[in-house]
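By convention in this document, chain letters (A, B, ...) are assigned in the order of the sequence lines, proteins followed by strands, and residues within each chain are numbered from 1. The analysis underlying the following values was restricted to heavy atoms, covering all of them including side chains, and did not include hydrogens, waters or symmetry mates.
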Amino acid sequence: MKIATYNINGINGRLPGLLRWLDEARPDVVCLQELKTSDATFPKAAIEEAGYGALWSGQKSYNGVAILARGNQPVETRRGLPGDPQDVQSRYLEAAASGVLVGCLYLPNGNPQPGPKFDYKLAWFRRLIAHARELVDQTEPVLLVGDYNVVPTDDVADIYNPRSWLDDALLQPESRAAYRELLAQGWTDAIAAKHPGEPMYTFWDYFRQRWPRNAGLRIDHLLLNPAATRRLKDAGVDRAMRGVEKASDHAPAWVTLAAKRGA
DNA sequence: ATGTCGGCAAAATGCCGA
(Lines give C-alpha, C1' and ligand atoms only; values in the text may rest on other atoms or scores of the structure.)
Protein backbone atom coordinates (compact mmCIF):
# COMPACT_ATOMS: atom_id res chain seq x y z
CA MET A 1 0.00 0.00 0.00
CA LYS A 2 1.05 3.55 -0.71
CA ILE A 3 0.83 6.44 1.72
CA ALA A 4 1.58 9.98 0.55
CA THR A 5 1.89 13.48 1.95
CA TYR A 6 1.37 16.62 -0.11
CA ASN A 7 1.38 20.27 0.86
CA ILE A 8 -1.17 21.37 -1.72
CA ASN A 9 -0.97 25.13 -0.95
CA GLY A 10 -4.65 25.87 -1.60
CA ILE A 11 -6.78 22.83 -2.41
CA ASN A 12 -9.44 24.65 -4.43
CA GLY A 13 -6.99 26.57 -6.58
CA ARG A 14 -5.11 23.39 -7.40
CA LEU A 15 -7.91 20.84 -7.49
CA PRO A 16 -7.48 19.77 -11.16
CA GLY A 17 -3.81 18.93 -10.56
CA LEU A 18 -4.64 17.09 -7.35
CA LEU A 19 -7.28 14.97 -9.06
CA ARG A 20 -4.91 14.10 -11.92
CA TRP A 21 -2.24 13.07 -9.43
CA LEU A 22 -4.68 10.91 -7.42
CA ASP A 23 -5.64 9.15 -10.65
CA GLU A 24 -2.05 8.59 -11.77
CA ALA A 25 -0.27 7.89 -8.47
CA ARG A 26 -3.20 6.01 -6.91
CA PRO A 27 -2.09 6.41 -3.29
CA ASP A 28 -4.14 4.45 -0.74
CA VAL A 29 -3.86 7.12 1.94
CA VAL A 30 -3.08 10.80 1.37
CA CYS A 31 -2.31 13.50 3.91
CA LEU A 32 -2.79 17.03 2.61
CA GLN A 33 -1.59 20.27 4.19
CA GLU A 34 -2.24 23.96 3.60
CA LEU A 35 -5.79 23.48 2.35
CA LYS A 36 -6.33 27.25 2.80
CA THR A 37 -10.06 26.73 2.94
CA SER A 38 -12.83 26.63 5.52
CA ASP A 39 -14.60 23.38 6.33
CA ALA A 40 -17.60 24.44 4.26
CA THR A 41 -15.62 25.00 1.06
CA PHE A 42 -13.59 21.78 1.13
CA PRO A 43 -14.14 20.05 -2.27
CA LYS A 44 -15.78 16.99 -0.77
CA ALA A 45 -17.77 16.00 -3.86
CA ALA A 46 -14.79 16.08 -6.25
CA ILE A 47 -12.65 14.04 -3.84
CA GLU A 48 -15.39 11.45 -3.43
CA GLU A 49 -15.91 11.30 -7.16
CA ALA A 50 -12.21 10.48 -7.47
CA GLY A 51 -12.83 7.46 -5.24
CA TYR A 52 -11.60 8.75 -1.89
CA GLY A 53 -13.21 9.05 1.50
CA ALA A 54 -12.04 12.16 3.33
CA LEU A 55 -11.64 13.83 6.69
CA TRP A 56 -10.60 17.44 6.92
CA SER A 57 -9.84 20.18 9.40
CA GLY A 58 -10.17 23.44 7.53
CA GLN A 59 -9.39 27.05 8.34
CA LYS A 60 -10.16 30.09 6.24
CA SER A 61 -7.10 31.39 4.34
CA TYR A 62 -4.48 29.55 6.35
CA ASN A 63 -3.34 26.08 7.35
CA GLY A 64 -5.83 23.22 7.10
CA VAL A 65 -5.13 19.46 6.87
CA ALA A 66 -6.98 16.50 5.38
CA ILE A 67 -6.72 12.72 5.23
CA LEU A 68 -7.99 10.85 2.16
CA ALA A 69 -8.39 7.08 1.84
CA ARG A 70 -8.93 5.28 -1.43
CA GLY A 71 -12.17 3.33 -1.41
CA ASN A 72 -13.05 3.89 2.21
CA GLN A 73 -13.75 6.44 4.87
CA PRO A 74 -10.86 7.21 7.27
CA VAL A 75 -11.88 6.92 10.92
CA GLU A 76 -10.91 9.99 12.91
CA THR A 77 -8.91 9.33 16.08
CA ARG A 78 -7.77 12.87 16.91
CA ARG A 79 -8.30 16.47 15.78
CA GLY A 80 -5.60 18.88 16.96
CA LEU A 81 -2.65 18.09 19.19
CA PRO A 82 -3.14 17.87 22.95
CA GLY A 83 -1.44 20.38 25.21
CA ASP A 84 -2.84 23.80 24.28
CA PRO A 85 -6.60 24.39 24.26
CA GLN A 86 -5.98 27.99 23.11
CA ASP A 87 -4.41 26.84 19.85
CA VAL A 88 -7.01 27.33 17.10
CA GLN A 89 -4.79 26.67 14.09
CA SER A 90 -5.78 23.63 11.98
CA ARG A 91 -2.52 21.73 11.82
CA TYR A 92 -3.10 18.17 13.04
CA LEU A 93 -5.52 15.41 12.11
CA GLU A 94 -5.20 11.71 12.87
CA ALA A 95 -7.12 8.73 11.55
CA ALA A 96 -7.18 4.99 11.08
CA ALA A 97 -7.31 4.18 7.38
CA SER A 98 -6.58 1.07 5.32
CA GLY A 99 -4.99 -0.75 8.25
CA VAL A 100 -2.62 1.98 9.43
CA LEU A 101 -2.82 4.88 11.87
CA VAL A 102 -1.75 8.12 10.24
CA GLY A 103 -1.08 11.52 11.79
CA CYS A 104 -1.28 14.34 9.23
CA LEU A 105 0.63 17.42 10.38
CA TYR A 106 1.49 20.90 9.24
CA LEU A 107 4.21 22.11 11.56
CA PRO A 108 4.43 25.90 11.90
CA ASN A 109 6.89 27.57 9.53
CA GLY A 110 8.31 29.74 12.32
CA ASN A 111 9.57 32.71 10.30
CA PRO A 112 10.73 35.27 11.08
CA GLN A 113 13.05 34.04 13.79
CA PRO A 114 13.62 34.88 16.53
CA GLY A 115 10.13 35.98 17.51
CA PRO A 116 6.67 34.79 18.53
CA LYS A 117 6.18 32.69 15.39
CA PHE A 118 9.39 30.79 16.06
CA ASP A 119 8.37 30.33 19.71
CA TYR A 120 5.05 28.90 18.51
CA LYS A 121 6.87 26.52 16.17
CA LEU A 122 9.03 25.14 18.98
CA ALA A 123 6.10 24.90 21.39
CA TRP A 124 4.05 23.04 18.76
CA PHE A 125 7.01 20.71 18.21
CA ARG A 126 7.10 19.96 21.99
CA ARG A 127 3.43 19.00 21.84
CA LEU A 128 4.06 16.79 18.80
CA ILE A 129 6.97 15.06 20.55
CA ALA A 130 4.82 14.41 23.62
CA HIS A 131 1.99 12.97 21.53
CA ALA A 132 4.32 10.91 19.32
CA ARG A 133 5.64 9.22 22.47
CA GLU A 134 2.17 7.72 22.91
CA LEU A 135 2.15 6.36 19.34
CA VAL A 136 5.62 5.04 18.59
CA ASP A 137 5.38 1.72 20.44
CA GLN A 138 1.99 0.69 19.13
CA THR A 139 2.02 -2.78 17.62
CA GLU A 140 0.20 -1.62 14.48
CA PRO A 141 1.84 0.58 11.82
CA VAL A 142 1.78 4.28 12.69
CA LEU A 143 2.95 7.05 10.37
CA LEU A 144 3.47 10.72 11.25
CA VAL A 145 3.59 12.49 7.92
CA GLY A 146 3.40 16.01 6.64
CA ASP A 147 5.15 19.32 6.19
CA TYR A 148 7.55 19.47 9.13
CA ASN A 149 9.09 22.77 8.00
CA VAL A 150 12.49 21.42 9.05
CA VAL A 151 15.50 20.80 6.80
CA PRO A 152 17.12 18.01 8.84
CA THR A 153 20.77 18.67 7.87
CA ASP A 154 22.95 20.85 5.65
CA ASP A 155 23.75 17.79 3.52
CA VAL A 156 22.97 18.01 -0.20
CA ALA A 157 20.41 15.26 0.44
CA ASP A 158 18.35 17.86 2.32
CA ILE A 159 19.21 21.23 0.74
CA TYR A 160 20.89 22.46 -2.44
CA ASN A 161 22.92 25.04 -0.52
CA PRO A 162 22.23 26.39 2.96
CA ARG A 163 23.89 29.75 2.31
CA SER A 164 20.80 31.87 1.67
CA TRP A 165 18.75 30.00 4.31
CA LEU A 166 21.05 30.32 7.31
CA ASP A 167 18.72 32.70 9.17
CA ASP A 168 15.59 30.80 8.19
CA ALA A 169 13.49 29.02 10.83
CA LEU A 170 13.65 25.81 8.74
CA LEU A 171 17.38 25.40 9.39
CA GLN A 172 17.75 26.61 12.97
CA PRO A 173 19.56 24.34 15.46
CA GLU A 174 16.48 24.33 17.73
CA SER A 175 14.25 23.11 14.86
CA ARG A 176 16.74 20.41 13.94
CA ALA A 177 17.26 19.32 17.55
CA ALA A 178 13.51 18.89 17.97
CA TYR A 179 13.35 16.80 14.79
CA ARG A 180 16.22 14.61 16.00
CA GLU A 181 14.56 14.24 19.40
CA LEU A 182 11.39 13.03 17.70
CA LEU A 183 13.31 10.50 15.58
CA ALA A 184 15.17 9.27 18.65
CA GLN A 185 11.90 7.93 20.06
CA GLY A 186 12.22 5.21 17.43
CA TRP A 187 10.74 6.74 14.28
CA THR A 188 12.29 6.11 10.87
CA ASP A 189 12.59 8.97 8.37
CA ALA A 190 11.58 6.81 5.41
CA ILE A 191 12.91 9.02 2.60
CA ALA A 192 16.30 9.39 4.29
CA ALA A 193 16.43 5.66 5.05
CA LYS A 194 15.69 4.61 1.47
CA HIS A 195 17.75 7.29 -0.28
CA PRO A 196 20.74 8.10 1.92
CA GLY A 197 22.89 10.91 0.54
CA GLU A 198 20.60 11.46 -2.44
CA PRO A 199 18.93 14.84 -3.04
CA MET A 200 15.28 14.15 -2.20
CA TYR A 201 13.81 17.64 -2.16
CA THR A 202 10.11 18.17 -1.62
CA PHE A 203 9.90 21.98 -1.76
CA TRP A 204 11.15 24.57 -4.21
CA ASP A 205 10.40 28.22 -3.45
CA TYR A 206 8.49 30.19 -6.09
CA PHE A 207 11.18 32.87 -5.78
CA ARG A 208 14.36 33.12 -7.74
CA GLN A 209 13.90 30.37 -10.32
CA ARG A 210 14.40 27.74 -7.66
CA TRP A 211 12.51 24.97 -9.42
CA PRO A 212 14.33 25.32 -12.78
CA ARG A 213 17.61 25.34 -10.86
CA ASN A 214 16.56 22.38 -8.64
CA ALA A 215 17.30 24.61 -5.65
CA GLY A 216 15.12 22.59 -3.31
CA LEU A 217 14.70 21.67 0.33
CA ARG A 218 13.60 18.42 1.98
CA ILE A 219 10.96 19.48 4.49
CA ASP A 220 8.07 17.04 3.95
CA HIS A 221 8.73 13.86 5.89
CA LEU A 222 7.19 10.45 6.49
CA LEU A 223 8.08 9.08 9.93
CA LEU A 224 7.33 5.40 10.55
CA ASN A 225 7.11 3.59 13.86
CA PRO A 226 8.93 0.22 14.15
CA ALA A 227 5.85 -1.77 13.13
CA ALA A 228 5.52 0.34 9.95
CA THR A 229 9.28 0.33 9.32
CA ARG A 230 9.29 -3.47 9.23
CA ARG A 231 6.93 -3.25 6.28
CA LEU A 232 8.71 -0.39 4.48
CA LYS A 233 9.38 -1.27 0.86
CA ASP A 234 10.09 1.98 -0.92
CA ALA A 235 9.93 5.76 -0.61
CA GLY A 236 10.06 8.59 -3.08
CA VAL A 237 9.05 12.05 -4.23
CA ASP A 238 6.76 12.76 -7.19
CA ARG A 239 9.00 15.58 -8.42
CA ALA A 240 7.14 15.99 -11.68
CA MET A 241 4.22 17.51 -9.79
CA ARG A 242 6.35 20.57 -9.06
CA GLY A 243 6.60 21.22 -12.79
CA VAL A 244 2.92 21.09 -13.76
CA GLU A 245 0.78 24.13 -14.50
CA LYS A 246 -0.33 25.93 -11.33
CA ALA A 247 1.93 23.71 -9.24
CA SER A 248 2.14 23.86 -5.48
CA ASP A 249 5.59 24.86 -4.24
CA HIS A 250 5.77 21.33 -2.73
CA ALA A 251 5.80 17.93 -4.43
CA PRO A 252 4.11 14.82 -2.98
CA ALA A 253 6.31 12.42 -1.00
CA TRP A 254 5.30 8.78 -0.42
CA VAL A 255 6.13 5.38 0.98
CA THR A 256 5.00 1.91 0.02
CA LEU A 257 4.42 -0.73 2.71
CA ALA A 258 4.29 -4.48 2.30
CA ALA A 259 0.85 -5.91 2.92
CA LYS A 260 2.12 -8.06 5.77
CA ARG A 261 4.94 -7.82 8.25
CA GLY A 262 8.16 -9.29 6.84
CA ALA A 263 6.77 -9.53 3.34
C1' DA B 1 16.29 43.80 0.13
C1' DT B 2 14.69 41.00 -3.25
C1' DG B 3 11.77 37.53 -5.59
C1' DT B 4 6.30 34.57 -6.51
C1' DC B 5 2.34 32.50 -5.20
C1' DG B 6 -2.99 31.72 -3.15
C1' DG B 7 -6.62 33.57 -0.55
C1' DC B 8 -9.20 37.33 0.85
C1' DA B 9 -11.36 41.90 1.68
C1' DA B 10 -12.75 45.17 -0.88
C1' DA B 11 -11.78 47.51 -4.69
C1' DA B 12 -9.10 45.99 -10.07
C1' DT B 13 -5.03 46.62 -5.70
C1' DG B 14 -2.98 45.61 -1.27
C1' DC B 15 -2.20 42.68 2.55
C1' DC B 16 -0.84 38.34 4.88
C1' DG B 17 1.62 34.14 5.20
C1' DA B 18 4.72 31.25 3.11
Side-chain angles (χ1 to χ4, degrees), chain A residues 5-21 31-44 46-47 56-66 86-92 104-125 128 145-152 158-172 174-176 178-179 201-221 237-253:
Chain A
T5 179
Y6 187 16
N7 180 320
I8 189 72
N9 189 15
I11 191 171
N12 284 309
R14 306 193 200 279
L15 190 57
L18 174 64
L19 296 175
R20 273 198 299 276
W21 173 72
C31 292
L32 299 173
Q33 303 86 32
E34 279 209 87
L35 304 178
K36 292 188 172 180
T37 186
S38 63
D39 281 337
T41 48
F42 181 85
K44 175 178 190 283
I47 298 287
W56 59 94
S57 173
Q59 184 181 333
K60 191 159 87 172
S61 300
Y62 311 116
N63 310 317
V65 287
Q86 316 275 59
D87 186 359
V88 295
Q89 300 191 22
S90 295
R91 295 182 176 275
Y92 189 83
C104 174
L105 64 104
Y106 177 46
L107 208 131
N109 173 292
N111 281 303
Q113 72 80 32
K117 292 191 175 181
F118 192 59
D119 295 342
Y120 174 64
K121 174 179 197 157
L122 297 179
W124 203 95
F125 226 140
L128 177 63
V145 311
D147 180 357
Y148 279 76
N149 270 315
V150 176
V151 177
D158 294 339
I159 185 167
Y160 65 103
N161 183 345
R163 187 173 52 85
S164 55
W165 296 85
L166 292 175
D167 292 330
D168 195 282
L170 278 55
L171 275 71
Q172 292 314 296
E174 297 94 330
S175 308
R176 288 173 164 176
Y179 188 68
Y201 310 140
T202 64
F203 165 84
W204 298 258
D205 209 311
Y206 291 122
F207 301 166
R208 296 178 166 189
Q209 298 288 309
R210 282 190 164 127
W211 166 244
R213 297 191 293 122
N214 193 26
L217 314 180
R218 192 173 76 91
I219 58 176
D220 299 271
H221 306 304
V237 177
D238 287 347
R239 287 175 54 96
M241 282 302 290
R242 183 59 180 82
V244 303
E245 194 184 353
K246 284 182 72 81
S248 166
D249 43 5
H250 296 247

Visitor: Mind calculating the distance between CZ (A:Arg213) and P (B:dG3) to the nearest angstrom?
Guide: 15 Å
Visitor: Take atom P in B:dC16 and the same atom in B:dA11, then report the distance between them in whole Å.
Guide: 16 Å
Visitor: Please tell me if A:Arg208 has a side-chain N or O lying less than 4.0 Å from either OP1 or OP2 of B:dT2.
Guide: no
Visitor: Are there over 12 heavy-atom neighbours, none belonging to A:Arg163, within less than 6.0 Å of that residue's CZ?
Guide: no
Visitor: On a whole-Å scale, what distance lies between the C1' atoms belonging to B:dG17 and B:dA12?
Guide: 22 Å
Visitor: May I ask you to say what A:Arg210 touches in the nucleic acid, namely base, sugar-phosphate or nothing, with a heavy-atom cut-off under 4.0 Å?
Guide: nothing
Visitor: In whole angstrom, give me the gap between the C1' atoms of B:dA10 and B:dC15.
Guide: 11 Å
Visitor: For the side chain of A:Asn12 and the backbone of A:Thr41, is there at least one donor-acceptor N/O pair under 3.5 Å apart?
Guide: yes
Visitor: Can you measure A:Ile11 atom CD1 to B:dC8 atom P for me and round it to whole angstrom units?
Guide: 13 Å
Visitor: Give the rounded distance in Å between these two atoms: CD of A:Glu245 and C1' of B:dG6.
Guide: 15 Å
Visitor: So, the side chain of A:Lys117 versus the backbone of A:Pro112: is there a donor-acceptor pair under 3.5 Å, distance only?
Guide: no
Visitor: Do A:Arg176 side-chain atoms and A:Val151 backbone N/O form a donor-acceptor pair below 3.5 Å?
Guide: yes
Visitor: In whole angstrom, give me the gap between the P atoms of B:dG14 and B:dT2.
Guide: 15 Å
Visitor: Within the side chain of A:Ser248, is there an N or O that forms a donor-acceptor pair under 3.5 Å with the backbone of A:Asn7?
Guide: yes
Visitor: Going by a 90° cut-off around 0, is B:dA10 syn or anti?
Guide: anti
Visitor: Rounded to whole Å, please give me the gap between CG in A:Leu15 and P in B:dG7.
Guide: 11 Å
Visitor: Output one letter per nucleotide in nucleotides 11-18 of chain B: B when a protein non-hydrogen atom lies under 4.0 Å from the base, S when only the sugar-phosphate is that close, - when neither is.
Guide: -----SBB
Visitor: Between A:Arg14 (side chain) and A:Asn9 (backbone), is there a donor-acceptor pair under 3.5 Å?
Guide: yes
Visitor: Keeping the roles fixed (side chain from A:Gln113, backbone from A:Asp167), state whether a donor-acceptor pair exists under 3.5 Å.
Guide: yes
